[in-house]
Amino acid sequence: MDNVPSEIPRDQWTSYVAYRFNEKTMEMSKRNAKIRKKQTVAHTGGSKPNSKRRAEMMAESGQNPGQAQLYLATHKKEDGSYVNEAAREICASFYLLKASS
């Protein structure tokens with residue numbers, strides 16, 4: 001707690017350090033790190049919740065997007081390419097399902 005960065009007020013720094021060294025916080029951090037390592041398909045969704053993304057998509061199109069549309073929106077890059085091969089295969093299966101119904 002003695003190494004306070006110059007741009008951060010001391011009371012905020014001590015609160016942050018106390019939070020980061022809290023036993024529950026450290027357990028949660030370790031758990032989240034394990035979960036991130038298991039993630040095989042990257043996404044481009046960032047930290048925006050899907051509920052907000054769904055509301056934005058509904059405002060644009062006037063229709064409530066389904067899970068497949070949300071997945072497609074969060075697994076493509078800005079240039080339209082997929083984030084990786086696994087995402088491309090999953091999205092292709094959506095198109096196959098849609099074509100067969």
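Note that these values count all heavy atoms, side chains included, but never hydrogens, waters or copies made by symmetry.
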Return the minimal non-hydrogen interatomic distance between [X] and [Y], and the atom names on each side.
| X | Y | result |
| --- | --- | --- |
| I8 | V4 | O-CG1, 3.5 Å |
| M57 | A73 | CE-CB, 4.1 Å |
| R88 | Y82 | CG-CD1, 3.4 Å |
| R54 | P65 | NE-O, 3.3 Å |
| V41 | A86 | CG2-CB, 3.7 Å |

request  = Show your working on side-chain contact (heavy atoms from CB on, under 4.5 Å) between I90 and H75 and close with a plain yes or no.
outcome  = CA-CA 10 Å; I90 292 169; H75 289 81; over 6 Å; no
More than 12 heavy atoms of other groups within 6.0 Å of [X] [atom1]:
| X | atom1 | value |
| --- | --- | --- |
| E23 | CD | no |
| K37 | NZ | no |
| E7 | CD | yes |
| Q63 | CD | no |

task = Would you check if R20 and V17 make a side-chain contact, meaning some heavy-atom pair closer than 4.5 Å?
result =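 The answer is no, as the side chains (C-beta and beyond) never meet within the 4.5 Å cut-off.
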request  = Using a 4.5 Å cut-off on heavy atoms from C-beta on, say whether the side chain of K76 contacts that of T44.
outcome  = no
Any chance you could measure [X], atom [atom1], to [Y], atom [atom2], to the nearest 0.5 Å?
| X | Y | atom1 | atom2 | value |
| --- | --- | --- | --- | --- |
| N84 | K77 | CG | NZ | 8.5 Å |
| H43 | N50 | NE2 | CG | 9.0 Å |
| S29 | K34 | OG | NZ | 11.5 Å |
| Q69 | N64 | CD | CG | 8.5 Å |

key: Sidechain-backbone polar pair: T25 side chain, F21 backbone, donor-acceptor under 3.5 Å   =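 Not confirmed, T25 side chain does not pair with F21 backbone.
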message = Can you tell me how the ring of Y16 sits relative to the ring of W13, calling it parallel under 30°, perpendicular over 60° and tilted otherwise?
response = tilted
